[in-house]
Amino acid sequence: MASDLQKVRNIGIAAHIDAGKTTLTERVLFYTGRQHKMGEVHEGAATMDWMEQERERGITITSAATYATWDDHTVNIIDTPGHVDFTIEVERSMRVLDGLVFVLCSVAAVQPQSETVWRQANRYRVPRIAFSNKMDRTGANFYNVVSSLRSRLMARAVAAQIPIGQESDFAGVIDLLEGKAYFYDSDKLGETYRVAEIPAEHMDNYRKYRRELIDAIVEKDDELLEKYLEDEESVTTEDLQAAMRRGVIHHGLVPVFCGTAFKNKGIQNLLDAVTRFLPSPLDVHAIKGVHPDTEEELERPCDPKGPLAALSFKIAGDPHVGRITFTRIYSGTLKKGDQVYNVSKDQTERISRILRMHANNREDLESCQAGDIVALVGLKSATTGDTIATKDAKVLLESIHIPDTVLDVAIEPKTKQDSEKMTDSLLKLADEDPTFRFSYNDETGQVIISGMGELHLEIIVDRLFREYKVEAKVGKPQVAYRETITGSIDRLEHRYVKQTGGKGQFAHVVIDVRPLDPEKHEGKTFNFNNLITGGIIPTQYIPAVEHGIKDALKSGVLSGFQVLGVEVDLVHGSFHPVDSSEMAFRAAGSMAIQEAMRKCQPKLLEPMMRVEVVVPNEFTGAVHGDISGRRGLVTGIADGEAGYQVITAEVPLAMMFGYSTDIRNKTQGRATYTMEFKRYAEVPASIAAEVTKKTGHASH
C-alpha cells in the first residue's frame, strides 16, 4: 500500500443506470495494468460485475472494490450500482469516499438516478469531477451535458476539456488548461494516443471555453485572481491546475471531461484528472465523531500514527474466507492479529486477516493504515456503519443513513429442512444488506421479507434459491404500509397493576401524545420527551417507558403496520417502592400508547414513489392518462432527447406492480422509467378500508 498518503485516491464511480460506469471501470483497470483483457458488460464478462445475477442482467447490484496504480498513485476504486433498488450500495460508498467520478451519458445528460446519486454525494460533501461518456453515440452533445449539470443539479460545472468532433466523428479531446489536443486514432484498444497542436478550426472554441474555465477557477481563489488581473501571462498551467484542485476540493467546482469508455477514448486523460484534481485522504476534513460515554465531540485527522478510527461500510460473505467486513481506515494503523474494539456494539474482537480486494479476488496484507480501504476478516459482530477503534481511544463515528423498506413479499419454506436453512440464509443476507429485513408471521407460518423494490426482492429470492439452495414458495409482493396519528390527547393515564401472590407488579404513567412535527424533527419518526421532575418516577424506570412505547409502535392499531410520526411526553406517574420494576414500566408505556393511538384518529399511510418516464412524443398522452388512472399525480413534463418527453409523477407504490410490462405494451417497448421512494402519504378512505379488511389486524 502507498506509504505516501498524498499519492492515495479513494474514489467512487457513480451514475444513472446504463451510463457506462462498469465499462469505464473495466477500461481503467486495463490501462492501469490491473488486468490484461477488457471485460464487456453486454457480454456478461465484466470483472466488477462478478455476481451471476449481475452478469445475467447486465447491471451492477453490489458495489465492488478494487485498486489500481496510475502515475505513481494508488487509486482505490468503488464501482457502485445505478439502479435505485440498490441505493444503499451508493449511500455506504459515498460515506467512505474522498472523491467521485460522476459519469453521465452524453446523449441523455442528467437522468433521474443521476439526481439521486448527486444528492447522496451532497449529503457527505464528496468532491467530484464529471465524465461525459458515450461521446461516439448518435445524439451525443458534450455542451448539453455541462449545461444540464448546471440547470438540473445546480452544480458549479465547467468544461475542462472540449471534444474534437462528436458522434461517429469523435476523435479526441482538447485539454483547456494545457492547451493540447489528444487524438485517439492509432490503435483499437486506445493504449496509445497522439498529442498535437490544437487544430486551427477548434481555436475559437478553445479560447472561449478556456476563458470560461479560468474565470470559474479564479472566482473563489483570491490569491490567483490578483495575480491573474495584474498579468495574465504570469499565470502558469501549474498555477491553474493547483487552483482547480483547490476549487474541486473546497469550493464545489465540478470540471467536466469527456470520452467514450466503450470505444477506449479519453480514459487516460480522466485518470490524470483523478490524480491531479481529486483529494488525497490528507486533503479532506478530519473525520468527526463523539465519545460514546461523554458525547464530547472528537476529531480524528488522517494520521497513521494517530489512534485507530475506522468505519465498517459493507459486510459480504466470501465462499473461501467467510464473513468479510469492508472497512475505511480514517486514523491509525492496523496489523494482522490486532485486537480491536467495536464501539457501536461494545465488543472486543481480533482481526485474523487483512485483505485488499480486486472485485471478488483477494490479496493478503500484513497491515493497513489511515487512508486505506480494506476488507477485514475476523469481525463477527460488525455490521454496516459500525465504528472500529481501540478501548483506550474510543470514538463513535457518524453511521450510515439507511432508508426504510417499501415492499414486502411472503415466502414459505417447502420442508422443515428448508425452514432451518432459510433462517440461516436470511440472517446472512440481512447482514450483508441493511435495506433488506425479514420477520416471521407466527399465525400463517410465513416469513415476510422486505426490501426497496421488486428488483431488490427478486435478486434476494434468486440468491436464496441459487446460492443457499433453499426451496420455497414465493407470494405476491405486498406494499409495506405504515400507520400514523392525526389527532392528539393530553394526560392519558395508565396503571399497570398485577398481584399474583408474593411480589406484585406496579407502574403508573401519564402521557401526552401528538403527531410529530417533521420540520422540528427532520428524519425522525418518533420523539420521546421526559418531563418528569422531582423523582415521581425514578430515573432508572424512564428508559423502560420509552422502550415500551417503541415496542408498541412496531404494530399499529388499524392493521398492525409500523407507526410513524408520533411524539410522546411523559408528564406524570407514580411508583411502588417494592412492586415497581423496569418490566412493569415497560408494560405500562406499551399499553398507554396503544390506548392513545386508538383515540388519536389513526390513519393508514402508503409509500408514494417518484416516477420518471422517458417517452416518445406520440405516446405522451397515453402514458399521462395511464399515470392518472393509477391514482398518480403528474408533477412535470419536460423535453428530453430529440423526439422524447420526460414525465415526472408521484404514484402510489400499490399501483405500480407490473408497470414495466404495461408501459412496454403502451409504447411499443420504447419508453423507459425509473422509480424511487419519495414519501408516505395518507391512503384514501375506501382503499384504507380494503387494506384493513384484508390484513384483518389479527393476521398481520
Side-chain angles (χ1 to χ4, degrees), residues 2 4-12 14 73-78 80 90-102 117-129 154-156 217 219-223 242-255 273-292 294-313 326-334 343-344 368-374 385-389 393-401 523:
D4 179 359
L5 282 171
Q6 279 296 1
K7 294 197 165 176
V8 173
R9 299 287 178 272
N10 290 317
I11 66 157
H73 286 67
T74 298
V75 185
N76 293 312
I77 304 168
I78 296 181
T80 61
V90 184
E91 187 80 37
R92 53 177 160 203
S93 304
M94 292 291 179
R95 175 68 177 79
V96 298
L97 295 171
D98 299 329
L100 183 68
V101 176
F102 189 72
V117 172
W118 193 264
R119 284 197 303 273
Q120 288 173 311
N122 284 346
R123 180 182 287 143
Y124 297 114
R125 294 186 293 283
V126 183
R128 59 211 91 152
I129 61 177
M154 304 303 146
R156 281 192 68 217
I217 291 171
E219 182 190 358
K220 297 259 173 115
D221 206 301
D222 298 344
E223 207 177 303
M244 181 143 109
R245 184 163 204 269
R246 291 193 293 273
V248 170
I249 295 170
H250 303 299
H251 305 301
L253 186 67
V254 183
V274 165
T275 57
R276 275 178 200 158
F277 306 120
L278 285 177
S280 78
L282 297 172
D283 296 315
V284 289
H285 295 297
I287 189 88
K288 286 186 170 67
V290 296
H291 193 287
T294 62
E295 299 279 306
E296 169 203 357
E297 273 215 1
L298 299 168
E299 271 198 352
R300 290 283 188 265
C302 179
D303 177 5
K305 293 187 172 67
L308 179 69
L311 187 84
S312 79
F313 65 95
F326 283 90
T327 307
R328 164 73 195 259
I329 316 288
Y330 285 103
S331 162
T333 299
L334 191 56
V343 187
S344 314
C368 57
Q369 62 171 32
D372 286 337
I373 290 179
V374 290
D386 283 2
T387 304
I388 309 297
K394 289 182 195 173
V395 61
L396 188 60
L397 304 176
E398 182 198 348
S399 192
I400 291 172
H401 169 76

Asks: For P301, what residues pass the side chain to side chain contact (heavy atoms under 4.5 Å, CB included) criterion, not counting sequence neighbours?
Replies: A286

Asks: How long is the straight-line distance from CG of L308 back to CD1 of I329, given to the nearest 0.5 Å?
Replies: 6.0 Å

Asks: According to the interplanar angle, ranging from 0 to 90°, do the rings of W118 and F102 count as parallel (below 30°), tilted (30 to 60°) or perpendicular (above 60°)?
Replies: perpendicular

Asks: Below 4.5 Å, heavy atoms only, C-beta onward: do R128 and N122 meet side chain to side chain?
Replies: yes

Asks: Could you go step by step and tell me if L282 and Q6 meet the side chain to side chain contact (heavy atoms under 4.5 Å, CB included) rule?
Replies: CA-CA 7 Å; L282 297 172; Q6 279 296 1; 4.0 Å; yes

Asks: Taking all heavy atoms of L100 and all of A14, pick out the closest pair and write down the distance.
Replies: CD1-CB, 3.8 Å

Asks: By side chain to side chain contact (heavy atoms under 4.5 Å, CB included), which residues pair with A273, not counting sequence neighbours?
Replies: I129, F257, F277

Asks: Just how far is it from atom CG of L298 to atom NZ of K394, taken to the nearest 0.5 Å?
Replies: 12.0 Å

Asks: What distance separates C368 SG from L334 CG, expressed to the nearest 0.5 Å?
Replies: 4.5 Å

Asks: Please report the interatomic distance CG(D372) to CG(N10), rounded to the nearest 0.5 Å.
Replies: 7.5 Å

Asks: Tell me every residue that passes side chain to side chain contact (heavy atoms under 4.5 Å, CB included) with V284, counting only those two or more places apart in sequence or in another chain.
Replies: D98, P279

Asks: Can you tell me which residue pairs pass the salt bridge (Lys or Arg N to Asp or Glu O under 4.0 Å) test with a partner in residues 279-291, sequence neighbours excluded?
Replies: R245-D283, K288-E299

Asks: With sequence neighbours left out, write down each residue that passes side-chain hydrogen bond (donor to acceptor under 3.5 Å, both in side chains) with R9, or none if nothing qualifies.
Replies: none

Asks: Rounded to the nearest 0.5 Å, what separation is found between the CD1 atom of I249 and the NE2 atom of H285?
Replies: 10.0 Å

Asks: Can you name the salt bridge (charged side-chain N to carboxylate O under 4.0 Å, His left out) partners of R246, sequence neighbours left out?
Replies: D221

Asks: Give a yes or no answer on whether the side chain of T387 reaches the backbone of S344 with a donor-acceptor pair at less than 3.5 Å.
Replies: no

Asks: With sequence neighbours excluded, tell me which residues meet side-chain hydrogen bond (donor to acceptor under 3.5 Å, both in side chains) with E219.
Replies: R156

Asks: Check G371 against P281 and note the closest heavy-atom contact, atom names and distance.
Replies: CA-CG, 3.7 Å

Asks: Among all residues two or more places apart in sequence or in another chain, which pass the side chain to side chain contact (heavy atoms under 4.5 Å, CB included) test with S331?
Replies: R300, P307, A309

Asks: So, taking the atom named CG in L311 and the one named CG in L396, what distance separates them when rounded to the nearest 0.5 Å?
Replies: 9.5 Å

Asks: Which pair of non-hydrogen atoms, one from P292 and one from V343, has the smallest distance, and what is that distance?
Replies: CG-CG1, 3.6 Å

